[in-house]
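Since the structure comes first, as structure tokens, the remarks are kept for the end.
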Protein chains: 2
Amino acid sequence: MGRPPAKSPAAKPVPRLDRGVLPTLLGYALRRAQSAVFADFSATFSAAGEALTPGEFGLLVLVGRNAGLSQTALARALGIDRSTLVPILDRLQARGLLVRRRSPSDGRMHALALTSSGGEALARFTGLVKTHERRIGSRLSAAETRTLIGLLEKVRLGARSL
Amino acid sequence: MGRPPAKSPAAKPVPRLDRGVLPTLLGYALRRAQSAVFADFSATFSAAGEALTPGEFGLLVLVGRNAGLSQTALARALGIDRSTLVPILDRLQARGLLVRRRSPSDGRMHALALTSSGGEALARFTGLVKTHERRIGSRLSAAETRTLIGLLEKVRLGARSL
DNA sequence: CGGCGATTGTTTGGGCATCAAACAAATTCT
DNA sequence: AGAATTTGTTTGATGCCCAAACAATCGCCG
């Protein structure tokens, strides 16, 4: 499938370009893997007629599991600015997946919560994520997957320059 | 500066929020590691008074190592659309790091090449990247780093849904 | 108890990545 | 020669990201 067996002598040279040091770089491998995984995530959802990004999934899980979370706390957990979170919540709220309720104890805060339909959607999404995870981990044994997650965690901690 | 050592009993509860299934997900670990690594990359460069993204570094390496590369070939290698590449090259060219020369053999193509100053800059950048790589890999043995890169490659191949 | 400082969510403004669609110029195929 | 393809570009639409400024609200402290 790479190229027509041996037909046209030099239809498309496909020069197999030189990547220099890149293949030895951890950051490069990470970036490429991340990109492929993101594409697989998107494809898995759109194939099921759903639309969601990994970030939105993480957000929904966090809100679903932590009742009455504030936007600032959520932004912190996601590692993004509070102002960045606003349009994301707007969209999710417009889709009817979550609501911003005024906190009774503190009039400044919004207590975030999934709607019932948001809860159902999250269950559905979680199923799709499991399918997706099965695919991206298909070339790894269960032990390798655990190892990988552990190593990624070490990288994350080592990178801390924030 | 983090917080007053042990003064007020419950100044900020910091509720340690529940991440649900997220910690078991490979995609989640990947995304978090990627984010931290990106931040470390930026910090490493800006601390040295330079400014570059991982993507730009990869692009420069590719152009430096593959003389006369066309924009379409480069976009393919980077996994982005040719139209996305245009403003990126504009910026790099404006910084004097590379040039678009018209190909003598094919008037449609641009033969990309680093300028001499671009070559010098790339050498400097490569040094910074090595520093950065040392930091993000600081909690890993050399063997673990190799293992990690190998596992990431397997993930990338497994994810192929393009 | 009244004002001041801190916190929260939001708006605005700027930057950058990404894709799709449409186009002119150049090349290649028929 | 004429048609089809390729290449780089422009335009338009999303979306993420941050910083700075702001109104509303809360909490502390005099």
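Side-chain atoms are counted along with the backbone in the values below, which use heavy atoms only and exclude waters and symmetry mates. Every chain is numbered from 1, with letters handed out A, B, ... down the list of sequences.
For the pair B:Phe38 CZ and C:dC16 P, the computed distance is 12 Å after rounding to whole Å. As a whole-Å value, the separation of A:Arg91 CZ from D:dA13 C1' is 14 Å. Across the protein-nucleic acid pair, A:Gln34 atom CD and C:dT18 atom P stand 12 Å apart, rounded to whole Å. When the P atom of D:dT5 is taken as reference, atom CG of B:Asp106 falls 17 Å away, rounded to whole Å. Computed from coordinates, the A:His110 NE2 to D:dC26 P distance equals 12 Å when rounded to whole Å.
In this structure, the nucleotide among C:dT8, D:dC26, D:dC16 sitting nearest to the side chain of A:Ile88 is D:dC16. Across C:dA17, D:dG8, C:dA20, the shortest atom-to-atom separation from the side chain of B:Asp81 is found for C:dA20. In this structure, of C:dT28, C:dC16, C:dT10, it is C:dT28 that holds the atom nearest to the side chain of B:Arg108. Comparing atom distances between the B:Ser83 side chain and each of C:dC19, C:dG9, D:dT6 picks out C:dC19 as nearest. Closest to the side chain of A:Ile80, from the set C:dA17, C:dT10, D:dC18, is D:dC18.
No donor-acceptor contact under 3.5 angstrom links the side chains of A:Arg156 and B:Gln34, judged on distance only. No hydrogens or angles considered: nothing links the side chains of A:Ser70 and A:Thr72 as a donor-acceptor pair under 3.5 Å.
Taking side-chain N and O atoms only, B:Arg31 has no distance below 4.0 Å to OP1 or OP2 of D:dC16. Regarding contacts with the backbone of D:dT6, every side-chain N or O of B:Thr72 stays at 4.0 angstrom or more from both OP1 and OP2. Side-chain nitrogen and oxygen atoms of B:Gln71 include none within less than 4.0 Å of the OP1 or OP2 phosphate oxygen of D:dT6.
Formation of a donor-acceptor pair under 3.5 Å by the B:Gln71 side chain with backbone atoms of B:His110 is not found in this model.
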Going through the checks in order, is the side-chain contact (heavy atoms from CB on, under 4.5 Å) test met by A:Leu52 and A:Val129?
-> CA-CA 10 Å; A:Leu52 205 73; A:Val129 166; over 6 Å; no
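Taking the six-membered ring for Trp, A:Phe125 and A:Phe45 have ring centres closer than 6.0 Å.
Across all strands, A:Ser70 comes closer than 4.0 Å only to sugar-phosphate atoms, never to a base (heavy-atom distances).
At a cut-off of 3.5 angstrom, counting only N and O atoms as typed in the model, there is a donor on one side and an acceptor on the other between the side-chain of A:Arg82 and the base of C:dG9.
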